[in-house]
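The chains referred to below are lettered A, B, ... by the order of the sequence lines, with proteins before strands, and numbering in each begins at 1. Side chains are part of it too, since the values below use all heavy atoms of this structure and drop only hydrogens, waters and symmetry mates.
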Protein chains: 2
Amino acid sequence: MKQRSDEHHLAEQLEKAGIRPSAQRVAIAGYVLSTADHPSADEVWQRVKTDFPMVSRATVYNTLQLFTEHGLLRQLVLAEGCVVFDPKVEPHHHFVDDATGAIEDIPWAALRVAKVDDLEGVDVREYMVVVRGRRRGKKAP
Amino acid sequence: MKQRSDEHHLAEQLEKAGIRPSAQRVAIAGYVLSTADHPSADEVWQRVKTDFPMVSRATVYNTLQLFTEHGLLRQLVLAEGCVVFDPKVEPHHHFVDDATGAIEDIPWAALRVAKVDDLEGVDVREYMVVVRGRRRGKKAP
DNA sequence: GGTCTTTTTAGACTACGTCCAATTATCGGC
DNA sequence: GCCGATAATTGGACGTAGTCTAAAAAGACC
Ligand SMILES: [Mn+2]
Ligand SMILES: [Mn+2]
Ligand SMILES: [Zn+2]
Ligand SMILES: [Zn+2]
């Protein structure tokens with residue numbers, strides 16, 4: 001069972017971020033702001049429902065969006081099952097344009113990642129740098 | 001319009017990879033093996049349908065899977081619209097376990113990426129290294 | 001041509017993200 | 001505390017895209 005002080009502290013955290021701490025939002029925060037997982041929206045919904053069965057999916061999705069806008073969460077595009085295909089099969093890095101979502105290749109030699117071999121407890125199969133930002137000097141009209 | 005020689009060359013490429021070059025597969029290869037985009041499966045389907053209207057979705061999905069298994073394509077988990085949420089909002093890298101799909105945090109200081117500032121023509125908002133592989137020394141029973 | 005194998009197909013099914021109009025909860029002024 | 005205004009929540013409809021299947025079509029081989 002969860003302590004009242006936890007909920008109190010969560011409510012304070014939400015208020016500090018400029019978010020009104022409704023019961024639903026506190027329940028969602030209780031899971032998603034402290035987990036070491038990287039859950040999808042539906043996983044958050046499933047989890048929150050176990051001790052708050054009446055919460056709706058729309059509320060969970062809206063709340064995650066709200067938390068993200070207020071800097072309490074970030075969204076990572078890393079969910080398995082949503083893939084794109086790349087005919088360049090040799091190692092390379094990727095740039096994702098914030099404006100368009102377009103994915104561009106960055107040659108392997110253009111960046112260098114140090115200390116990958118020092119990672120403890122993992123057998124590395126591959127790695128890449130994902131850079132996000134904007135193209136400068138958009139094609140002038 | 002496409003030249004016969006292109007199709008012939010594509011068919012050879014498929015055969016070399018151990019794939020029987022049916023008309024559908026050649027049509028799919030004609031787009032996906034040479035594009036600079038990083039298309040989703042459905043985008044490939046939409047595109048291929050424009051000059052091969054009767055191709056089914058299942059064939060496109062199966063073929064992309066086949067091409068990937070034979071090393072002609074790779075799958076990237078970078079498609080917008082499929083996100084997970086991360087309560088750790090400060091910069092860090094990520095490890096994705098091939099066996100489980102679990103995403104783990106790698107501290108920012110554990111890796112270093114050189115030459116990001118040298119990238120031409122882009123304003124970088126953020127970047128991260130995505131490492132894929134297997135955890136060594138799985139929890140013994 | 002006959003037969004066996006491979007490939008393709010249409011469509012059902014599912015998962016999950018989005019949207020909306022109606023309801024409920026909360027807030028500030030009185 | 002009461003009341004109108006505002007904000008939040010809800011259920012369910014909707015759309016998109018990925019998966020699966022059983023049957024048909026195409027191709028290989030003799
Ligand atoms: Mn407190
Ligand atoms: Mn040739
Ligand atoms: Zn690429
Ligand atoms: Zn993380």
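Atom CD1 in Ile19(A) sits roughly 17 Å away from atom P in dT26(C) (whole-Å rounding). Look at CZ on Phe52(A): it is 12 Å from C1' on dA25(C), rounded to the nearest Å. Here dT6(C) presents its C1' atom at 16 Å from CG of Leu14(B), a figure rounded to the nearest Å. Rounded to whole Å, atom P of dT26(C) lies 13 Å from atom CD of Glu15(A). What separates CD of Glu80(B) from C1' of dT18(C) is a distance of 17 Å, to the nearest Å.
Taking the side chain to side chain donor-acceptor pair (under 3.5 Å) definition, one finds that His93(A) meets it with nothing, sequence neighbours left out. Taking Thr59(B) as the reference, Ser56(B) meet the side chain to side chain donor-acceptor pair (under 3.5 Å) condition, with sequence neighbours excluded. For Tyr31(B), the ring pair (Phe, Tyr, Trp, His ring centres under 6.0 Å) criterion is met by no residue, not counting sequence neighbours. Not a single ring pair (Phe, Tyr, Trp, His ring centres under 6.0 Å) links Phe95(B) to another residue, sequence neighbours left out.
Side-chain heavy-atom separations under 4.5 angstrom define the hydrophobic clusters, and the remaining members of the one that includes Ile103(B) are Leu76(A), Leu78(A), Val84(A), Val96(A), Ile103(A), Met128(A), Val130(A), Leu76(B), Leu78(B), Val84(B), Val96(B), Met128(B), Val130(B).
Within residues 53-62 of chain B, the residues approaching DNA chain C are Met54(B), Val55(B), Ser56(B), Ala58(B), Thr59(B), by heavy-atom distance under 4.0 Å. Within residues 30-39 of chain A, no residue has any heavy atom closer than 4.0 Å to DNA chain D. The stretch residues 67-79 of chain B does not touch DNA chain C, since none of its heavy atoms comes less than 4.0 Å from the strand.
For residues 52-66 of chain A, the pairs satisfying salt bridge (Lys or Arg N to Asp or Glu O under 4.0 Å) are Asp42(A)-Arg57(A), with sequence neighbours left out. Residue pairs meeting the salt bridge (Lys or Arg N to Asp or Glu O under 4.0 Å) criterion with at least one partner in residues 61-86 of chain B, sequence neighbours excluded, are Glu126(A)-Arg74(B), Arg132(A)-Glu80(B). Residue pairs satisfying the salt bridge (Lys or Arg N to Asp or Glu O under 4.0 Å) criterion with at least one member in residues 106-117 of chain B, sequence neighbours excluded, are absent.
Two residues, Leu66(B) and Arg20(A), neighbour DNA chain C, and the one matched to the more 5' nucleotide by heavy-atom proximity is Leu66(B).
Using a 4.0 Å cutoff to heavy atoms of chain B, the contacted part of DNA chain D runs 5' to 3' from dA17(D) to dA28(D).
Salt bridge annotation for Asp97(B)-Arg135(B): absent, with no cationic side-chain nitrogen under 4.0 angstrom from a carboxylate oxygen.
You'll find the ring centres of Trp108(A) and Tyr127(A) inside the 6.0 Å limit.
Between Met54(B) and Gln24(B) there is no side-chain heavy-atom pair separated by less than 4.5 Å. Looking only at side-chain heavy atoms (C-beta outward), Arg20(B) and Glu15(B) stay at 4.5 Å or farther from each other. No side-chain heavy atom of Val32(A) sits under 4.5 Å from any side-chain heavy atom of Thr63(A).
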